[in-house]
Enquirer: 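Pasting in a structure now, in structure tokens, and then I'll have a few things to ask.
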Amino acid sequence: VKAWASRDKQAFSDTMKLVSKTGFLLLAIPTSPVMYELDGLLHLWLTNVPEHAKNFILLILLYSLVNVFAYPLVYAVQATGRIALFESLGSSIRILVFPLAWIALACGAPPEAAFAIIIMITATCLLVRFLIFAHLVQIEKCAFIWDVYGKMALVCVLAQCAPLLIMLALPQSFFRMIITGTTSAIWTGACWYALALSKEQKNQVIEAIKGLFHRIFANLRQSQTEMP
């Protein structure tokens, strides 16, 4: 909001990129190991796993990874104050989920078809919203798409290496779940930092982490001084 109010379009675009990348990372870290260890998690949680439970969860996770890019666009367009077209088109597209899902299920499609339609409509809505955002803010579309969506897709692909190798090397067990989750989080974060961020964005992330630890230690010292 501050960047837009000051009419600094470059800072506004850079903030959007970093927020989009960070939001995707925070969701991708738990998603990747869950996808690979879903069978073990379901049997650990449920005695009798429903027939379509695994497919539903996988589709919901995929939907979340797509939809996470929509939130920064919404807040960015709200900052411009020109949200009428953005919201009306987005809502009109999203409401197509209901008739399309009904038609698919009426034609005998499996229950997973409804979730697949939601993902496709969400991706379409994301594209339309991005085009409106790019028009309002006057940014270079191709550069933004590569820097955010292209690099995040690359990170998403490379992030699968660690959990996949662990699955091939170790038998299914609770110990493997812990190893997969820990290793996947570290590897995904490393891929994100190395491949998705520019030099300036890396410096911003480092400064943000330093500030977070500084506040934590300051609060701890304050708590110790206030103790009787």
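The structure presented is a predicted model; accordingly, all values stated were derived computationally and were not measured.
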Enquirer: Rounded to the nearest 0.5 Å, how far does CZ of Phe98 lie from CD1 of Ile117?
Expert: 12.0 Å

Enquirer: In terms of hydrophobic clusters joined by side-chain contacts under 4.5 Å, are Leu44 and Ile179 together?
Expert: no

Enquirer: When you compare the side chain of Phe144 with that of Met16, does any pair of heavy atoms fall below 4.5 Å?
Expert: yes

Enquirer: Just wondering, more than 12 heavy atoms not from Glu112 lying within 6.0 Å of its CD?
Expert: yes

Enquirer: What's the spacing between Leu27 CG and Thr188 OG1 if we round to 0.5 Å?
Expert: 11.5 Å

Enquirer: Find out if a path of hydrophobic residues (ILVMFWY) with successive side-chain heavy-atom gaps under 4.5 Å connects Leu158 to Leu164.
Expert: no

Enquirer: Using a 3.5 Å distance criterion without hydrogens, assess whether the side chain of Ser32 forms a donor-acceptor pair with backbone atoms of Ala28.
Expert: no

Enquirer: Let me see the working for Phe56 and Phe115 under ring-ring contact (aromatic ring centres under 6.0 Å, His included), right down to the final yes or no.
Expert: CA-CA 7 Å; Phe56 284 162; Phe115 283 94; 5.0 Å; yes

Enquirer: Check each of Asp147, Thr22, Leu18 against Leu197 using the side-chain contact (heavy atoms from CB on, under 4.5 Å) test, and report the only one that passes.
Expert: Leu18

Enquirer: Would you say the side-chain atoms of Trp192 pair up with the backbone N or O of Trp187, donor to acceptor, closer than 3.5 Å?
Expert: no

Enquirer: In Å and rounded to the nearest 0.5 Å, what is the OH to CE distance from Tyr36 to Met177?
Expert: 16.0 Å

Enquirer: Between Gln160 (side chain) and Cys156 (backbone), is there a donor-acceptor pair under 3.5 Å?
Expert: yes

Enquirer: Does His135, at its NE2 atom, have more than 12 non-hydrogen atoms belonging to other residues, nucleotides or ligands within less than 6.0 Å?
Expert: no

Enquirer: Treat each ILVMFWY residue as a node, draw an edge where side-chain heavy atoms are under 4.5 Å apart, and state whether Val155 and Leu126 are in one component.
Expert: yes

Enquirer: When rounded to the nearest 0.5 angstrom, what distance separates CD1 in Ile166 from OG in Ser184?
Expert: 7.5 Å

Enquirer: Counting only N and O atoms by type, is there a donor-acceptor contact under 3.5 Å from the side chain of Lys151 to the main-chain atoms of Trp146?
Expert: no

Enquirer: Mind listing the side-chain donor-acceptor pairs of residues 59-67 below 3.5 Å, one per line with the distance, residues two or more places apart or on another chain?
Expert:
from  : atom 1 : to    : atom 2 : distance (Å)
Ser64 : OG     : Ile60 : O      : 2.9
Asn67 : ND2    : Tyr71 : OH     : 3.2

Enquirer: Could you state the interatomic distance from CZ (Arg94) to CG (Leu96), rounded to the nearest 0.5 Å?
Expert: 11.0 Å

Enquirer: Describe, in one word, how the ring planes of Tyr149 and Phe69 are oriented to each other, choosing from parallel (under 30°), tilted (30 to 60°) and perpendicular (over 60°).
Expert: perpendicular

Enquirer: Give a yes or no answer on whether the side chain of Gln201 reaches the backbone of Ser198 with a donor-acceptor pair at less than 3.5 Å.
Expert: yes

Enquirer: Let's go through Tyr193 and Leu25 carefully: what are the C-alpha distance in whole Å and the side-chain angles of both, what is the deciding distance for side-chain contact (heavy atoms from CB on, under 4.5 Å) to 0.1 Å, and is it a yes or a no?
Expert: CA-CA 10 Å; Tyr193 182 83; Leu25 172 71; over 6 Å; no

Enquirer: On a heavy-atom basis, which atom in Thr180 and which in Pro33 lie closest, and how many Å separate them?
Expert: CG2-CB, 3.9 Å

Enquirer: The criterion is side-chain contact (heavy atoms from CB on, under 4.5 Å); which residues satisfy it with Leu85, sequence neighbours excluded?
Expert: Ser88, Leu89, Ile132

Enquirer: Can you measure from CD (Glu37) to CE (Met167) and round to the nearest 0.5 angstrom?
Expert: 6.0 Å

Enquirer: May I ask you to test the Lys199-Asn203 pair for a side-chain heavy-atom distance under 4.5 Å?
Expert: yes

Enquirer: With sequence neighbours excluded, what pairs up with Glu87 under the salt bridge (charged side-chain N to carboxylate O under 4.0 Å, His left out) test?
Expert: Arg129

Enquirer: Is there side-chain contact between Phe24 and Val148, with at least one heavy-atom pair below 4.5 Å?
Expert: no

Enquirer: Linking I/L/V/M/F/W/Y whenever their side-chain heavy atoms sit closer than 4.5 Å, directly or via other members, would Met120 and Val97 fall into one cluster?
Expert: yes

Enquirer: How close do Ala53 and Val49 get, heavy atom to heavy atom, and via which atoms?
Expert: CB-CG1, 4.0 Å

Enquirer: Minimum heavy-atom separation for Leu105 to Pro111, with atom names?
Expert: CD2-CA, 4.1 Å

Enquirer: For the residue pair Lys141 and Phe130, would you count it as a cation-pi contact if the rule is NZ or CZ under 6.0 angstrom from the ring centre and within 45 degrees of the ring axis?
Expert: no

Enquirer: Same cluster or not: Leu127 versus Met152, using hydrophobic residues (I, L, V, M, F, W, Y) connected whenever any side-chain heavy atoms lie under 4.5 Å apart?
Expert: yes

Enquirer: Please determine whether the number of non-hydrogen atoms from other residues, nucleotides or ligands lying under 6.0 Å from atom CD of Glu51 exceeds 12.
Expert: no

Enquirer: Leu170 and Arg176: which non-hydrogen atoms are nearest, and at how many Å?
Expert: O-NH1, 3.0 Å

